[in-house]
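Here the structure is a predicted model, which means the values were calculated and not measured. Side chains are part of it too, since the values below use all heavy atoms of this structure and drop only hydrogens, waters and symmetry mates.
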Amino acid sequence: MGWYWSNCKLRCSHDPFLQEVIYFSLWCRGLTLLMQVAFNLLIPDHSADAFSPPRLEPSTSADHIVELLFGGLGRWDAEHFLFVAEHGYVYEHNMAFFPLFPLIIGGLARGPLLPLAGLLRLHSRLLISSAFLNCICSTLAAVSLYLLGCVTLQSRRSAFLAALLFCMSPISIFMTTGYSESLYALTTFTGLWQLQKCRILCGSVFFSLASAARSNGVVNAGFLLYLAMKAVVHRKGNCGQLMKTVYGILLVILPFALFQGFCYVRSCLQSYGTDQIPQELVELAVKKGYRVHKELIPAWCSFSFPLAYSHIQSEYWDVGLLRYFKLQQLPNFLLALPVLILSIATITEYASSNLELCRTLGLYKVHSKHTNGFYGPQVFVYVAHLAALTVFGFLCMHVQVLTRLLFSSSPVLFWFCSHVLHKNEPWIWGVKKVKTTSNPAIQLLLAWTSLQQGTKMILAYFLGYSVIGTALHVNFLPWT
């Protein structure tokens with residue numbers, strides 16, 4: 001990560017677009033933090049049936065201030081991440097949340113913030129750590145998206161506008177709160193950037209970190225597999241390059257396999273673990289019916305493939321093929337409808353302009369008038385990645401989660417929106433073709449009344465979901 005930061009500082013000193021991406025990202029994260037404080041104070045919390053463990057340490061007046069400022073960042077799934085960082089994997093369903101994010105915020109709370117231990121309890125320090133980490137990660141993710149776009153699209157302006165849109169994306173609250181989306185976006189986009197620069201092993205390391213942050217990180221192995229397929233078709237890859245790709249794929253899968261192994265040992269071997277579970281947490285387990293790791297061996301341990309993750313998602317969240325297709329879930333389908341429409345529009349727009357390329361899966365060179373930009377051949381694999389995630393998320397997941405899944409995983413969504421805005425509003429770059437440090441996203445908002453209808457729809461979706469999502473999420477109201 002030190003290498004990454006040094007590289008960014010070097011580029012930033014020579015690239016005004018990159019500087020603006022960093023400033024705008026930090027500004028957006030700060031605005032989201034202020035909004036969550038305001039909404040948390042103004043709107044009473046909804047009494048949701050969500051995971052809410054007891055606080056075992058006594059609170060101080062400083063803890064109350066932290067709760068006032070950052071309490072909205074600890075809602076819904078954030079409670080699981082914070083709980084794992086504080087207590088470890090006590091309950092079986094906690095193992096649905098991958099360890100990289102809890103490990104990092106736990107390290108920050110017990111390391112740099114340890115001098116505050118006499119003033120703040122661990123939970124408060126974890127809240128502060130998660131806010132700090134996500135502000136940094138989301139900013140660096142925007143930087144990586146910009147650098148990836150420069151290489152893939154061969155257009156700094158398109159990459160610049162896409163990165164600005166990422167900063168104000170519909171999942172802004174999830175890039176700030178105690179979720180792992182910011183960390184996942186950073187590791188994924190950086191891995192893709194390194195892959196575009198033909199640094200296979202370096203990209204694989206970042207993909208490996210993505211797999212340690214979220215389960216869908218293993219899907220990134222598909223990018224490496226696609227590279228290997230192209231090398232074989234074009235007969236460009238020697239044995240050494242193919243072995244690098246194989247090692248890279250194994251590296252991407254390794255964190256998932258290791259974590260599932262940890263879950264198996266912890267849940268299925270009665271001899272494991274001598275740690276004592278606090279009585280308050282045992283009482284919560286009895287009250288809510290949570291399974292703790294020292295109870296009877298669960299049934300999934302005897303499966304042919306004893307994967308804790310698939311069992312937990314099915315058992316606790318009823319995740320599975322078409323399981324969410326129920327009439328009472330119609331509001332959640334409506335909530336995901338904008339990102340579904342945007343994804344379909346992205347896929348169809350690209351495919352309709354590159355029929356021959358899509359027919360050959362982008363593996364063969366075909367005649368095309370598009371060599372760069374959104375329609376360029378290098379974008380095909382990202383469109384295929386988006387299509388796979390969209391179909392899987394729609395059929396097999398809680399459909400409202402699709403919004404944050406796609407916007408934290410798929411750079412091509414931002415490239416498509418950038419392409420549409422660039423086509424609809426070419427004036428944002430000025431009449432003269434000169435470098436400009438002005439922010440086109442701000443220019444568009446200031447010129448709202450004169451914008452094309454398609455531009456207004458994209459910006460309204462991004463800003464509307466950012467504001468409404470923040471208001472609902474921090475008050476325990478349902479939101480993606």
Side-chain angles (χ1 to χ4, degrees), residues 50-53 76-107 110 126 130 178-181 183-184 187-188 207-221 249-278 281-282 284-286 288-321 323 392-393 396-398 401 405 409:
F51 182 60
S52 184
W76 295 107
D77 288 357
E79 279 281 22
H80 288 276
F81 285 115
L82 295 169
F83 180 83
V84 170
E86 186 171 0
H87 301 288
Y89 289 95
V90 174
Y91 304 127
E92 183 181 60
H93 65 292
N94 293 144
M95 294 187 293
F97 301 89
F98 277 48
L100 185 59
F101 183 76
L103 282 173
I104 295 176
I105 62 172
R110 295 180 176 91
L126 288 169
S130 66
Y179 279 52
S180 57
E181 267 72 12
L183 180 61
Y184 180 78
T187 50
T188 297
F207 285 163
S208 181
L209 292 173
S211 297
R214 296 188 66 81
S215 61
N216 52 295
V218 296
V219 177
N220 291 329
I249 292 173
L250 293 175
L251 195 60
V252 175
I253 298 172
L254 183 62
F256 182 88
L258 288 176
F259 184 58
Q260 295 311 297
F262 163 80
C263 295
Y264 179 84
V265 170
R266 188 170 183 82
S267 301
C268 304
L269 301 183
Q270 288 184 323
S271 59
Y272 176 84
T274 58
D275 52 315
Q276 294 297 315
I277 301 174
L281 301 185
V282 174
L284 179 66
V286 173
K288 294 288 188 178
Y290 298 152
R291 183 190 295 274
V292 297
H293 69 84
K294 290 191 175 184
E295 291 182 351
L296 294 175
I297 296 176
W300 63 266
C301 292
S302 60
F303 293 171
S304 300
F305 294 97
L307 293 180
Y309 184 76
S310 57
H311 161 77
I312 291 167
Q313 289 288 351
S314 175
E315 181 74 16
Y316 291 90
W317 282 277
D318 196 30
V319 171
L321 181 62
R323 288 192 187 180
F392 177 80
C396 301
M397 295 172 57
H398 288 189
V401 178
L405 170 71
S409 307

| Check: Y184 main-chain N/O paired with T187 side-chain donor or acceptor under 3.5 Å | yes
| said: When you compare the side chain of S211 with that of F98, does any pair of heavy atoms fall below 4.5 Å? | reply: no
| message | Using 0.5 Å steps for rounding, measure from the OG atom of S215 to the CD atom of Q260. | response | 9.0 Å
| Cut-off 3.5 Å, side chains only: do N94 and Y290 have a donor facing an acceptor? | no
| Would you find a donor on one side and an acceptor on the other, under 3.5 Å apart, between the side chain of Y91 and the backbone of L281? | yes
| note | Looking only at heavy atoms, the pair that brings A96 and Q313 closest together is CB-NE2, 4.1 Å
| remark: In short, C268 meets I297 closest at the heavy-atom pair O-CD1, 3.4 Å
| What closest approach, in Å, do A213 and S180 show between heavy atoms, and which atom pair accounts for it? | O-OG, 3.7 Å
| request: Scan residues 296-319 for pairs that pass salt bridge (Lys or Arg N to Asp or Glu O under 4.0 Å), counting only residues two or more places apart or in two chains. | output: D318-R323, D318-K326
| field | Heavy-atom donor-acceptor pair, S314 side chain to S310 backbone, under 3.5 Å | value | no
| Which heavy atom of T188 sits nearest a heavy atom of A210, and at what distance? | OG1-CB, 3.7 Å
| CZ on R214 to CG on N220, rounded to 0.5 Å | 12.0 Å
| task | Measure from the ring center of Y309 to the ring center of F259 and say whether it is less than 6.0 Å. | result | no
| query | Can you check whether W317's main-chain N or O pairs, donor with acceptor, with H398's side chain at less than 3.5 Å? | reply | yes
| message | Does F51 form a ring pair (Phe, Tyr, Trp, His ring centres under 6.0 Å) with F97? I'd like the steps, not just the answer. | response | CA-CA 13 Å; F51 182 60; F97 301 89; 8.5 Å; no
